[in-house]
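The analysis underlying the following values was restricted to heavy atoms, covering all of them including side chains, and did not include hydrogens, waters or symmetry mates.
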Amino acid sequence: MALVKRTHDDNLPSEQQAGTPKTLEELQQQLQGSHPLERRQAAQDIVDHEGATALLLAQLERETSAVVRQVILTSLTRIGDRDAVFGLAECLRSEDARLRNDAIEAMKEMPDQMAEIVEELLADDDPDVRIFTVNILESLRHPHVEQWLIDVLDHDDHLNVVCTALDLMGEVGTEAAIPALQRVGSRYEDEAYVQFAADMALKRIQSSAE
Amino acid sequence: MSKLISDQEFATFREFFYRKTGIKFEDTKRYFVDKRLLERVRETGNDTFREYFTTLRFQASGEELQHLTNLLTVNETYFMREDYQFDCLVKSILPEICKTHDRSKPIRIWCIPSSSGEEPYSIAMWLLERWPGINQWDVELIASDIDTGILNTARQGLYSERSIRLIPPSWKTRYFSRVGLQYQLCDDLRSAVEFTHVNLSNVADVRRYRPIDVIFCRNLLIYFDDVSRKAAAEAMFDVMAPGAFICLGHSESMGRISPLFKVRKFPGAIVYQKPLEES
């Protein structure tokens, strides 16, 4: 027994597979295969095909393996087109908390694409979707994050959405947010938590400005 | 020849190179990248960056892209670097793998990037010197890199005094001979490691290595952006045998890259493991 060189014959099947790119139809079939490894590989290989986004989103909804779901989300992030980000946004309406959380994490990785639909999501009829969107803003590396939060403080009429935005404003807000924080205090003067969170945010911003 | 690369050209190149290799250059690397790009513009006989970039994008052989990749990757390393992980390998990781591994099959260890060979050769020495199991098990050591030039350097096994300074003196005597100002690694060790060309951003490239029992992927993913890093981790996950381990550099954490792996805290090091069963 010792250090030995790899026996290439062991790997022939996978080397052959690697050399023959599959068609979109083949990958679509493989994406619904019975073995997670098969589905993971299809989710990776499909990235360069036109029409991949819709197939990945469809599989994401029915996928039972957490590992395969991660790979699908990475592929959607890599594709990063408008359909991918819209499809992920739809997942925010899902009853499946894991799917929602996975979609939120993936959307955080797509700041430019997210920027195109943030306003639309923040105007959604469903307050939960608006709260999840604020959750995405938490880690979205985009220069407009503060302005989007200011808009929520000024215009959203759902207390929970406003409170979520207030919590985040306490972390990311700058002097530009001070007027909006004062206004939201007036808008919800009977809500103790809003008063508390707005005061906290204002104190933090003012102390870091000094 | 235009001596400048415009901001727009740099941005276009950066995106292209990222798509091909997963490596993203921040603005702070602009000088480093521009210098090498202009060198290649000149040496390939092009007048402008634009002309050169056309060659780079559409050349069927991909030869120029490889040449440029070799220039733009960093290969600074030395023997026994972060050797607490090698200690963990022989004291904790391999003993655990041996409990369930099919004895008729070799244990496969993969180093990516291989750089100029210091890491895989260090592992080879560590196994021979510090792991009694080497008498009962076959071990395959594969080392891969995106830089074809550095692979040739690794195969030659010729090192400077600085590169081998942390090797114990008795190992130095056993495995090296002095050639002028340099040190030549012995043929037995050189032939024990298989060096191969791999682009971690190309999943088809990576799949050829399944099944891997231990991966050393240290200080490579720091050059990738978040999405490529996650995709690379998933590509490695795919080639790992159930229960296989991955060792990252001391400043890297898999927890910040992908949730697929389990954290394993061994006495000597924190490493990451592919679960024995997929959820």
Review point. More than 12 heavy atoms of other residues, nucleotides or ligands under 6.0 Å from NZ of B:Lys20: is that the case?
Key: no
Check your understanding: Does atom NZ of B:Lys24 have more than 12 heavy-atom neighbours from other groups under 6.0 Å away?
Key -> yes
Point to revise | Minimum heavy-atom distance A:Arg78-B:Ser201, with the two atoms named | key: NH2-O, 4.5 Å
Exercise for review: Applying ring pair (Phe, Tyr, Trp, His ring centres under 6.0 Å), name anything that partners B:Phe25, two or more places apart in sequence or on another chain.
Suggested key: B:Phe17
Point to revise | Part of residues 96-116 of chain A lying next to chain B, heavy-atom separation under 4.5 Å | key: A:Glu109
Exercise for review: Against chain A, label B:Val203 side chain, backbone, both or neither, depending on which of its atoms sit under 4.5 Å from a heavy atom there.
Suggested key: side chain
**Study point:** Short side-chain to backbone donor-acceptor contact, B:Asp138 and A:Ala2, under 3.5 Å
**Key:** yes
Review point. More than 12 non-hydrogen atoms from neighbouring residues, nucleotides or ligands closer than 6.0 Å to CE on A:Met200, yes or no?
Key: no
**Study point:** Pairwise ring pair (Phe, Tyr, Trp, His ring centres under 6.0 Å) hits with a residue in residues 121-143 of chain A, at least two apart
**Key:** A:His142-A:His144, A:His142-A:Trp148
Revision key, fill the gap. If one checks every heavy atom of B:Leu260 against chain A at 4.5 Å, the contacting part turns out to be side chain
Point to revise | Max heavy-atom pair count under 4.5 Å with chain B, selected residue of A:Val47, A:Thr77, A:Asp45 | key: A:Asp45
Review point. Is it true that atom CD of A:Gln29 has more than 12 heavy atoms of other residues, nucleotides or ligands lying nearer than 6.0 Å?
Key: no
Practice item. Calculate, to the nearest 0.5 Å, the distance between atoms CD and OG belonging to B:Glu234 and A:Ser75 respectively. Key: 7.0 Å
Exercise for review: Please list, chain by chain and in numerical order, all residues satisfying ring pair (Phe, Tyr, Trp, His ring centres under 6.0 Å) with B:Phe261, sequence neighbours excluded.
Suggested key: B:Phe237
Check your understanding: Is chain A contacted by the side chain of B:Leu128, its backbone, both, or neither, given a heavy-atom distance below 4.5 Å?
Key -> side chain
Exercise for review: Evaluate whether atom CZ of B:Phe16 has more than 12 neighbouring non-hydrogen atoms of other residues, nucleotides or ligands under 6.0 angstrom away.
Suggested key: yes
Check your understanding: Say you draw a straight line from CZ of A:Arg40 to CG of B:Asp238; how long is it, rounded to the nearest 0.5 Å?
Key -> 4.0 Å
**Study point:** Residues B:Arg19, A:Asp48: salt bridge by 4.0 Å N-O rule
**Key:** no
Check your understanding: What part of A:Arg141 gets closer than 4.5 Å to chain B, counting heavy atoms only: side chain, backbone, both or neither?
Key -> side chain
Point to revise | Flag if over 12 foreign heavy atoms under 6.0 Å of CD, A:Glu61 | key: no
Point to revise | Rounded distance (nearest 0.5 Å) linking atom CG of B:Leu127 with atom CG of A:Leu3 | key: 6.0 Å
Review point. So, do B:Ser258 and A:Gln70 sit near enough that their side-chain heavy atoms are less than 4.5 Å apart?
Key: no
Review point. With a cut-off of 6.0 Å (strictly less than), are more than 12 heavy atoms of other residues, nucleotides or ligands near CD of B:Gln8?
Key: no
